[in-house]
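Accompanying notes for the structure given below.
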Amino acid sequence: MRYELVIFDNDGVLVDSEPISNRLLAAYLTELGHPTSYEDSIRDYMGSAMHRIHDLIRERTGQRLPEGFDDVFHGRVFAAFERELEPVAGALGVLEKLAADGVSYCVASSGSHERIRVGHRKTGLDRWFDEGRIFSSQDVGRGKPAPDLFLYAAERMGVAPERCVVIEDSPLGVQAAVAAGMDVYGFTAMTPAERLAGATQFFSDMGELADLLA
């Protein structure tokens, strides 16, 4: 293995949550008077921490989202996760292979700790991620595309940034990994490679990842 630490994004990389959450986000923003299509949500918000949604709406409209926006949105998302969420095809196999080979790995997500854990419990990924392997944008001052989250995860895992590889499916995540001085493999199942400019390598099937990392 050429890397000492594999850092996974969560949404869209480990759990197939992006179609669910972006569908609900588009609907909720539209409901609040900010017309947003599913495609708009994918383009503008995929991979974002919640504060970026607030910031973009305020920049574009001069209006603030309601005080309870995050709680309402997360309530809708978590309920949908319980009904619909599945692991990304091939993700379990990758984790099994990394664990068997003794390769360190963790997750570093723009989502909240609660969101990560809800998704992992529903999909069975929780057995692969103890507390010490889960990092959220809540842990740092700035979310992606700032490098803070990935640098924090590497520091906590005891690995130098240049010995890490990040697995990402969003432009913001790729930008953050590059800014952190890490290699980044762009997962193109939902996001075209041209939107993941700067990635070290691209792949479209999570089942291929373990061999690509070898």
Side-chain angles (χ1 to χ4, degrees), residues 7-58 60-61 63-95 105-140 143-144 149 153 167-173 176 187 189-191 206:
I7 304 176
F8 290 94
D9 177 41
N10 190 57
D11 293 293
V13 170
L14 294 174
V15 295
D16 195 17
S17 53
E18 293 292 9
I20 299 170
S21 58
N22 282 282
R23 182 186 77 228
L24 293 172
L25 179 58
Y28 190 24
L29 289 174
T30 300
E31 177 185 320
L32 293 172
H34 306 290
T36 306
S37 68
Y38 173 77
E39 292 75 18
D40 293 337
S41 184
I42 291 287
R43 182 192 66 226
D44 294 341
Y45 303 119
M46 183 171 161
S48 299
M50 290 300 293
H51 68 78
R52 188 169 186 273
I53 301 172
H54 289 264
D55 291 346
L56 281 178
I57 290 294
R58 188 164 62 249
R60 291 172 174 178
T61 70
Q63 301 175 23
R64 293 181 180 272
L65 291 170
E67 185 174 335
F69 177 87
D70 291 12
D71 290 340
V72 172
F73 175 61
H74 285 136
R76 294 180 183 185
V77 168
F78 295 164
F81 279 3
E82 292 297 336
R83 296 190 303 268
E84 306 173 41
L85 190 63
E86 299 288 343
V88 167
L92 288 168
V94 171
L95 295 171
Y105 64 88
C106 65
V107 61
S109 172
S110 293
S112 66
H113 278 282
E114 183 182 14
R115 178 185 173 117
I116 297 166
R117 286 168 172 77
V118 167
H120 285 193
R121 284 196 300 270
K122 174 61 170 63
T123 58
L125 287 168
D126 53 344
R127 64 173 293 205
W128 300 103
F129 291 94
D130 56 32
E131 292 291 326
R133 295 182 189 270
I134 298 177
F135 306 101
S136 161
S137 61
Q138 290 179 311
D139 301 326
V140 295
K144 307 168 189 179
L149 176 57
I167 313 304
E168 264 289 354
D169 71 333
S170 75
L172 294 175
F187 183 42
M190 277 192 65
T191 310
M206 191 59 66

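Only heavy atoms go into these numbers, but all of them, side chains included; no hydrogens, no water, no symmetry mates.
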**Report entry** Side-chain touch Thr36/Thr30, heavy atoms, less than 4.5 angstrom
**Finding:** yes
**Report entry** Expected output: side-chain Ser136 to main-chain Gly111 donor-acceptor under 3.5 Å
**Finding:** yes
Query raised in the report: Under 3.5 Å, is there a donor-acceptor pair between the Arg115 and Ser109 side chains?
Result: no
**Report entry** Pair Glu131-Arg117, salt bridge (Lys or Arg N to Asp or Glu O under 4.0 Å): steps then yes or no
**Finding:** CA-CA 10 Å; Glu131 292 291 326; Arg117 286 168 172 77; 2.5 Å; yes
Report summary line: Closest non-hydrogen atoms of Met206 and Val94, given as atom of the first, atom of the second and distance, are O-CG2, 3.2 Å
Query raised in the report: If you round to the nearest 0.5 Å, how far is CZ of Phe8 from CH2 of Trp128?
Result: 11.0 Å
**Report entry** Side-chain donor or acceptor of Arg133 paired with backbone N/O of Tyr105 under 3.5 Å
**Finding:** yes
Query raised in the report: Distance from Leu25 atom CG to Ile42 atom CD1, nearest 0.5 Å?
Result: 9.5 Å
Query raised in the report: Does the side chain of Arg60 reach to within under 4.5 Å of the side chain of Asp44, using non-hydrogen atoms?
Result: yes
Report task. Side-chain contact test, heavy atoms from C-beta onward, threshold under 4.5 Å: evaluate it for Phe129 versus Ile116 and give yes or no. Result -> no
**Report entry** Least distance between heavy atoms, Met190 atom then Pro19 atom
**Finding:** SD-CD, 3.8 Å
Query raised in the report: Is it true that a side-chain atom of Ser17 and a backbone atom of Asp11 form a donor plus acceptor pair closer than 3.5 Å?
Result: no
Query - Pairs meeting criterion salt bridge (charged side-chain N to carboxylate O under 4.0 Å, His left out) with involvement of residues 31-43, two or more places apart - result: Glu31-Arg76, Asp40-Arg43
Query raised in the report: Side chains of Lys144 and Asp9: closer than 4.5 Å at any heavy-atom pair?
Result: yes
Query raised in the report: Going by the ring-ring contact (aromatic ring centres under 6.0 Å, His included) test, which pairs reach into residues 17-57, not counting sequence neighbours?
Result: Tyr28-Phe69, His54-Phe69
Requested in this report: Using a strict 4.0 Å threshold on nitrogen-to-oxygen distance, state whether Glu84 and Lys122 make a salt bridge.
Outcome: no
Report summary line: Ala49 and Ser110 have their tightest heavy-atom pair at N-CB, 3.7 Å
Report task. Find out whether Asp139 and His113 are in side-chain contact, i.e. whether some heavy atom of one side chain is under 4.5 Å from a heavy atom of the other. Result -> yes
**Report entry** Derivation of the side chain to side chain contact (heavy atoms under 4.5 Å, CB included) call for Leu14 and Val88
**Finding:** CA-CA 5 Å; Leu14 294 174; Val88 167; 5.7 Å; no
Report summary line: The side-chain contact (heavy atoms from CB on, under 4.5 Å) partners of Arg83 (sequence neighbours excluded) come to Ala79, Ala80
**Report entry** Exam field: side chain Glu18 to backbone Met46, donor-acceptor pair closer than 3.5 Å
**Finding:** no
Query raised in the report: Got a second to check how far Leu32's CG is from Ile57's CD1, nearest 0.5 Å?
Result: 8.5 Å
Requested in this report: Calculate, to the nearest 0.5 Å, the distance between atoms CG and OG belonging to Leu172 and Ser48 respectively.
Outcome: 5.0 Å
Query raised in the report: Going by heavy atoms in the side chains, are Asn10 and Val15 under 4.5 Å from each other?
Result: yes
Query raised in the report: When you check the side-chain N and O atoms of Thr191 and Asp169, is any donor under 3.5 Å from an acceptor?
Result: no
Report task. Give the minimum heavy-atom separation between Gly119 and Leu85, together with the two atoms involved. Result -> CA-CD2, 3.5 Å
Requested in this report: Could you tell me whether Arg64 atom CZ has more than 12 heavy atoms of other residues or ligands within 6.0 Å of it?
Outcome: no
Report task. List the atom of Phe187, the atom of Gly12, and the distance in Å for their closest heavy-atom pair. Result -> CE2-O, 3.3 Å
Report summary line: dist Asp16:CG -> Thr123:OG1 (nearest 0.5 Å) comes out at 10.5 Å
Report summary line: CG of Leu29 to OG of Ser41, rounded to nearest 0.5 Å, is 7.0 Å
Query raised in the report: If you take all heavy atoms of Leu125 and Leu92, which pair is closest and at what distance?
Result: CD2-CD2, 3.6 Å
Report task. On the 0 to 90° scale, with breaks at 30° and 60°, tag the Phe81-Phe78 ring pair as parallel, tilted or perpendicular. Result -> tilted
Requested in this report: Determine, step by step, whether Asp55 and Arg52 satisfy the salt bridge (Lys or Arg N to Asp or Glu O under 4.0 Å) criterion, reporting the C-alpha distance in whole Å, the side-chain angles of both residues, the deciding distance to 0.1 Å, and the verdict.
Outcome: CA-CA 5 Å; Asp55 291 346; Arg52 188 169 186 273; over 6 Å; no
